[in-house]
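Report on the following structure.
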Amino acid sequence: MRGIIRREFRAYFQSPLGYVFIAAFVFLTNYYYFTYNLYGNTTDFSSLFSMLFSVVLFLCPILTMRLMSEDKKNKTDQQLLTAPISLSAIVVGKYLAALSVYCIACCGVLIDAVITACCAGVEWSVILGNMAGLLLLGAALIAVCLFLSALTESQVIAAVSGFAASLFLLLIGSLADVVTAPWLKAAISYMSFNNRYQPFTCGIFDLAGVVFFLSLGVLFIIFSTLTLEKRRFS
Amino acid sequence: MTEVLVVKNLYKKYGEHVALDGVSFSIEENGVVGLLGLNGAGKSTTMNIITGYLSQTSGDVFVGGHNTQSDAIEAKKLIGYLPEQLAFYNDMRIGEYLDFVCDIKGLTRDRKERKELIERTCGMVGIGGMKKRLIRNLSKGYRQRVGFAQALINDPRVLILDEPTVGLDPSQVLDIRKLISDMGRDRIVIISSHILSEVQTMADRIIVLNRGHLVADGSEDVLKEALGSNSHIAIRVQGDAAQVRAVLASTERIDSIIELPSREQGTCEFSLENRSGADIRADVFRALAAADLPLLFTYGREFSLEDAFLQIISESNKEVGA
């Protein structure tokens, strides 16, 4: 798995993809930081983290679009599938490489927090809680988009389906307002990424949210592995 | 002797199409084994199943006693594979790529040992001193050598090469053939190729597949002998080709008459065959003498692997009613 992580992580920075992702993430983070914190004259980062929810939803598909589809298209998967390494190690290796790049991008928020802390007091526990929420959100979303990338050999289709999935996850919460059946309303509310993420932005370390994002991540990694396995039987 | 590679009753379906239908063979000794067959015969499918790239619908493959399904990782450790068109990560350098291959094959992590391993493997395939070259800038021949290096780097017990000389220039083909023959001395090498002369040159044993069935298995000599090659002659006769053909056609024991290009003015040449293996030279002489057609030359026509291959395929097709 170490080899896969190294290879995929390096690949992000041997093409513009890694740089573009980090630059876009940092630009948007700093835009909201300027708008909400510097211009609003506040050390409260909740608004910034709330806005990052949609930034993450729209940038993650770009990060993951090539992860599995490129191997399928270029037939480099043949090398991986005939090597003495398990399918889950291949998938997890790729997943961890994408997650590492995502974590680097998220560090931009910490830099903003440090700059703010130099001038005024900040609630580090709230910021770290928010960071945990942001990382968990990214971890789950990268797993979902990785799975979508495993389904196709076109990076464009992987990205577009990733955007569609992100949009669905963004809007699913508002569906709960128009549904009348109580069980469906409860199910939709439970599934809503926004509902799971917002407690973190309010400074609440929500264990249910942690379990939700982690289990979703694991579930989609398993789906991606099964997709690879299915390809061997095709 | 312990069987290193055992293929048992392999069956593979792609949707409704049966690609392999009960293929079984085993290999015990080091050497080069040629896998022959027309397009779609099941050669690549067999190789892909042995290497674990594809799963079989039913049947078993054992490599070094490890089942490739239930004990896949241990089985794959014993295999080196060069696909027909190996796709590389083009953004990597040769050294980086082989380092990555060492990682995914679980080879030594010790930096010094790994460096030595990569150096040694590059030297074996003739790419020593090229480790800093980007893979995307390499010629087809050198890419193929990098492919060999990645297949060989784990010192595999079974080396599987799918069309290893496709797209190479004649000098590269000779180099690669020599490399394959050398490799066959201390491991099992399975090659598939459309070029029969190539298999004839390198393989100690030949397995012929046709429409997913194993139709022949043995050394080149065994295959030829089984097909009665001793009854195959070619003749040169002075006279009109049509007249000669008519005389030969009336001779009882000649089953096949094929006209060959004439190499001397006023003469014609024919290839003759008796499928039951009988010696037909005396019959031919008498028939031509009776018709006053001088027989200038008779020689035993060498029965090539190509003849054997085509005859095996043709007989196999007749059996399945194709």
Side-chain angles (χ1 to χ4, degrees), chain A residues 1-20 65-98 100-101 150 153-155 225-234, chain B residues 12-15 19 44 47-57 63 66 68-69 71-93 96-107 109 114 134-136 146-147 150-151 153-154 156 160 162:
Chain A
M1 191 199 299
R2 176 176 158 263
I4 308 272
I5 298 172
R6 277 173 62 196
R7 145 77 208 154
E8 292 299 335
F9 186 78
R10 200 180 293 171
Y12 274 115
F13 298 101
Q14 281 174 337
S15 70
L17 187 62
Y19 298 105
V20 168
M65 64 183 185
R66 53 159 283 282
L67 268 182
M68 306 293 280
S69 58
E70 192 181 44
D71 274 343
K72 195 175 174 186
K73 187 181 178 194
N74 296 339
K75 307 252 180 274
T76 39
D77 60 346
Q78 200 164 19
Q79 173 101 69
L80 301 177
L81 296 177
T82 57
I85 180 171
S86 66
L87 296 181
S88 54
I90 296 172
V91 173
V92 173
K94 284 171 177 284
Y95 172 78
L96 290 178
S100 308
V101 177
E153 60 179 50
S154 161
Q155 292 190 34
T225 309
L226 292 176
T227 308
L228 270 191
E229 181 67 35
K230 183 177 166 284
R231 206 180 294 166
R232 292 177 62 231
F233 284 93
S234 61
Chain B
K12 174 73 181 174
K13 263 180 106 176
Y14 294 111
S44 293
M47 289 183 154
N48 281 329
I49 290 173
I50 294 172
T51 57
Y53 183 54
L54 288 178
S55 284
Q56 60 267 44
T57 309
V63 183
H66 303 286
T68 55
Q69 291 281 68
D71 197 5
I73 291 181
E74 288 307 313
K76 285 176 182 177
K77 280 181 184 169
L78 301 173
I79 296 176
Y81 180 40
L82 175 65
E84 185 177 350
Q85 287 177 324
L86 178 62
F88 294 101
Y89 292 109
N90 285 323
D91 53 355
M92 294 178 109
R93 295 175 193 280
E96 267 176 6
Y97 171 70
L98 292 177
D99 190 37
F100 164 68
V101 173
C102 287
D103 275 338
I104 60 171
K105 290 195 174 186
L107 304 180
R109 283 192 185 182
R114 184 172 286 195
L134 268 173
I135 291 177
R136 67 163 163 255
V146 177
Q150 65 79 28
I153 204 157
N154 56 327
I160 298 177
D162 196 354

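A, B, ... follow the sequence lines: proteins, then strands. Residue 1 opens every chain.
Your options are A:Glu70, A:Arg10, A:Gln79, A:Lys75, and the one with the most heavy-atom pairs under 4.5 Å with chain B is A:Gln79. Here B:Pro83 is the residue among B:Ala75, B:Pro83, B:Gly80 with the most heavy-atom pairs under 4.5 Å with chain A.
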Derivation and outcome, side-chain contact (heavy atoms from CB on, under 4.5 Å), residues A:Ile85 and B:Lys76: CA-CA 9 Å; A:Ile85 180 171; B:Lys76 285 176 182 177; over 6 Å; no

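One finds the OH atom of B:Tyr53 at 4.0 Å from the CG atom of A:Asp77 (value rounded to the nearest 0.5 Å). Between atom OG1 of residue A:Thr82 and atom CD1 of residue B:Ile50 there is a gap of 13.0 Å, rounded to the nearest 0.5 Å.
With a 4.5 Å cut-off on non-hydrogen atoms, B:Glu74 does not touch chain A at all. When heavy atoms are compared at a cutoff of 4.5 Å, B:Tyr97 approaches chain A solely by way of its side chain, counted from C-beta outward. Contact annotation for A:Ser86: both backbone and side-chain heavy atoms come within less than 4.5 Å of a heavy atom of chain B. Proximity to chain A is absent for every atom of B:Asn154, based on heavy atoms less than 4.5 angstrom apart. The contact between A:Gln14 and chain B is made entirely by side chain atoms (from C-beta outward), counting heavy-atom distances below 4.5 Å. The contact between B:Tyr81 and chain A is made entirely by side chain atoms (from C-beta outward), counting heavy-atom distances below 4.5 Å.
Closest approach of B:Ile73 to A:Pro84, counting heavy atoms only: O-CB, 3.5 Å.
A salt bridge links B:Asp99 with A:Arg6: the distance from a Lys NZ or Arg NE/NH1/NH2 to an Asp or Glu carboxylate oxygen falls below 4.0 Å.
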